[in-house]
Amino acid sequence: MEKNFYITTPIYYPSQKLHIGHAYCTTIADTVARYKRLTGHEVFFLTGSDEHGQKLQRAAQAHNQSPLEYIDPIVDSFKELWRRLDISYDDFIRTSEPRHQKVVQDFFERLQKNGDIYKGTYSGLYCTPCESYWLERDLDENGCCPDCHRPVEKVSEEAYFFRMSNYADRILQYIETHPDFVVPTSRRNEMINFIKQGLEDLCVSRTTFDWGIPVPNDPKHVIYVWFDAVINYITPLIGNPERMKKFWPADIHLVGKEIVRFHSIIWPCMLMAAGLPLPKQIYGHGWLVIDNEKMSKSKGNVVDPMLLIDEFGADAIRYFLLREITLGQDGSFSRDALINRINADLANDLGNLLHRTLNMIGKFQKGIVNAPRGESPIDQSLKSDARSTVENYINLMDAMELSAAIKNVWQFVSRSNKYIDETAPWKLAKDASQAQALSNVLYNLVESLRIIAVMISPLMPSTAQKIFEQLNLEPIEQLKINSIKEFGAFPRAHAVNKPQQLFPRIVVD
Ligand code: ME8
């Protein structure tokens with residue numbers, strides 16, 4: 001059977017440099033995409049930049065630049081960050097691209113023809129920083145935007161509306177009857193409550209600025225930036241029936257919790273109106289917080305991922321983000337916690353396992369891994385732990401329990417280190433009658449390392465590759481999960497390389 005998998009991240013606003021909170025979302029998506037490739041799926045992984053709207057037009061004006069003069073270098077910085085963070089996206093949508101503009105205008109016209117978009121007058125409240133319309137009842141206790149808590153503006157203008165109210169019953173019923181559509185459950189309940197308060201028609205055009213996609217045949221209006229933005233998810237597919245068939249509906253739209261509403265209510269209603277299938281899942285992840293506050297530019301508490309990558313390397317950051325934070329919940333970021341993880345889990349547990357193993361093979365067997373023969377009860381228990389670790393790993397990764405999946409791998413790393421202590425190869429090496437037992441232990445260790453490297457490859461692609469290089473194995477990229485389901489595939493009479501440090505210990509003053 002053909003296995004296809006389509007995952008998206010939000011498209012980020014190029015009004016700012018990205019911070020580690022954005023990198024968090026993209027790292028999750030990348031790890032899932034790489035895991036799906038490992039399990040034999042043909043994957044399409046999409047990310048991009050959300051370039052329209054008044055906020056960006058104003059920012060460009062403040063810099064005496066045209067919107068694109070202002071935005072281009074910022075988008076370049078996104079792409080550079082994704083390159084440094086080893087993000088394996090398959091396409092990058094800029095909403096300012098002509099290919100996207102055409103898809104959005106066609107979509108708009110399709111809904112107009114169905115009678116789902118009509119012209120009226122909008123008077124209401126708008127939060128420019130969030131590009132969101134709000135009702136009086138949505139505002140916070142100070143009468144400000146409930147998301148960013150900044151003032152909203154009263155606007156009144158001729159505008160186009162999307163007849164979202166027509167779809168309220170259908171979307172409510174859909175969410176209620178499809179428990180996996182909006183996850184985690186807390187977000188799903190929020191959405192159900194939100195719809196039950198009543199869905200009004202959505203204003204989908206503006207006339208007070210012009211940096212956006214023009215409404216077809218009425219160019220003094222530009223299309224509302226959120227209406228424009230969510231359509232990016234079909235932009236790379238819709239003109240290509242074969243791709244559309246393969247990848248739509250998307251398997252997962254991964255988004256931050258504050259934008260679940262746009263993805264699980266507005267976007268599905270738009271798709272229903274266009275007669276297109278709904279995405280299979282909207283996954284709302286939590287925020288990276290510092291001292292209980294969401295990390296964001298406006299709060300001035302952002303951590304620059306580029307500086308962290310310069311200092312610690314991409315894989316250490318990726319490991320920290322996915323191990324430390326349970327998907328769906330908020331998690332705090334701190335430098336101390338990052339350094340602790342690097343020292344304890346990466347330098348110590350994983351780094352030592354590789355180093356000790358290769359060192360012993362060099363010392364006791366001239367760098368050659370011999371064929372194993374027979375097994376002791378300790379060997380048997382290691383092998384059985386390896387098998388159950390792989391099984392748990394697959395189940396947890398399939399269930400998007402990434403942190404638990406990684407923890408399960410690290411339990412096996414510790415278990416393998418303990419196996420060295422239990423079998424004491426340095427003692428076996430002193431007794432000629434134990435030569436085969438010694439070969440067995442060293443074989444089991446490199447085989448465990450091979451299995452560990454494959455399991456961590458979606459999370460830490462370059463570390464996995466480095467382990468493969470030190471084990472002198474073919475590059476990891478083409479490998480599939482089946483290659484680690486059985487213990488014992490490591491080549492026999494095989495020369496391995498000298499150990500090299502994977503992660504230096506970070507010395508803290
Ligand atoms: O919302 N922790 O763009 P955006 C975790 N353009 N995630 C965070 C975060 C933090 N501290 N701060 C931000 C937009 N994010 C729209 C999306 S999609 C069709 C349009 C996440 O650049 C945030 O939750 O403001 C969101 O999912 C993403 O970064 C993009 O934020």
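Both ligands and their constituent atoms are indexed starting at 1 by order of listing.
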Which residue owns the protein heavy atom closest to [atom], what's the atom, and how far is it?
| atom | value |
| --- | --- |
| atom 12 (N) of ligand 1 | His19 CE1, 3.2 Å |
| atom 2 (N) of ligand 1 | Leu288 N, 2.8 Å |
| atom 15 (N) of ligand 1 | His22 CD2, 4.0 Å |
| atom 11 (N) of ligand 1 | Met295 O, 3.0 Å |
| atom 23 (C) of ligand 1 | Glu258 OE2, 3.2 Å |
| atom 30 (C) of ligand 1 | Tyr12 CD2, 3.3 Å |

N or O contact, [X] vs ligand 1, cut-off under 3.5 Å:
| X | value |
| --- | --- |
| Ile11 | yes |
| Tyr13 | yes |
| Asp50 | yes |
| Gly256 | yes |
| Pro10 | no |

Has [X] got more than 12 heavy atoms of other residues, nucleotides or ligands less than 6.0 Å from its [atom1]?
| X | atom1 | answer |
| --- | --- | --- |
| Asn217 | CG | no |
| Gln173 | CD | no |
| Asn395 | CG | yes |

Practice problem: Step through it carefully: locate the ring centre of Phe45, locate the ring centre of Phe5, and say whether they are under 6.0 Å apart. | Solution: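 Centroid separation for Phe45 and Phe5: 6.0 Å or greater.
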Exercise. Could you tell me whether Tyr160 and Phe108 have their ring centroids closer than 6.0 angstrom?
Key: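 Centroid separation for Tyr160 and Phe108: below 6.0 Å.
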Please say whether the positively charged group of [X], taken as NZ for Lys or CZ for Arg, lies over the ring of [Y], i.e. under 6.0 angstrom from the six-membered ring centre and within 45 degrees of the axis.
| X | Y | answer |
| --- | --- | --- |
| Lys119 | Phe161 | no |
| Arg206 | Tyr126 | yes |
| Lys79 | Phe92 | yes |

Self-check item: Asp116/Arg110 ion pair, N-O < 4.0 Å
Solution: no
Self-check item: Charged N-O contact under 4.0 Å between Lys466 and Asp315
Solution: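 Salt bridge: no.
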Which of the atoms in ligand 1, numbered in the order shown and given with their element, are less than 4.0 Å from a heavy-atom of [X]?
| X | result |
| --- | --- |
| Gly286 | 5 (C) |
| His263 | 18 (S), 19 (C) |
| His285 | 5 (C), 7 (N) |

Practice problem: May I ask you to identify, for Ile259, whether its side chain, its backbone, both or neither come under 4.0 Å of ligand 1 on a heavy-atom basis? | Solution: side chain
Quiz prompt | Tyr233, Phe262, Trp267: member with heavy atom nearest to atom 19 (C) of ligand 1 | solution = Tyr233
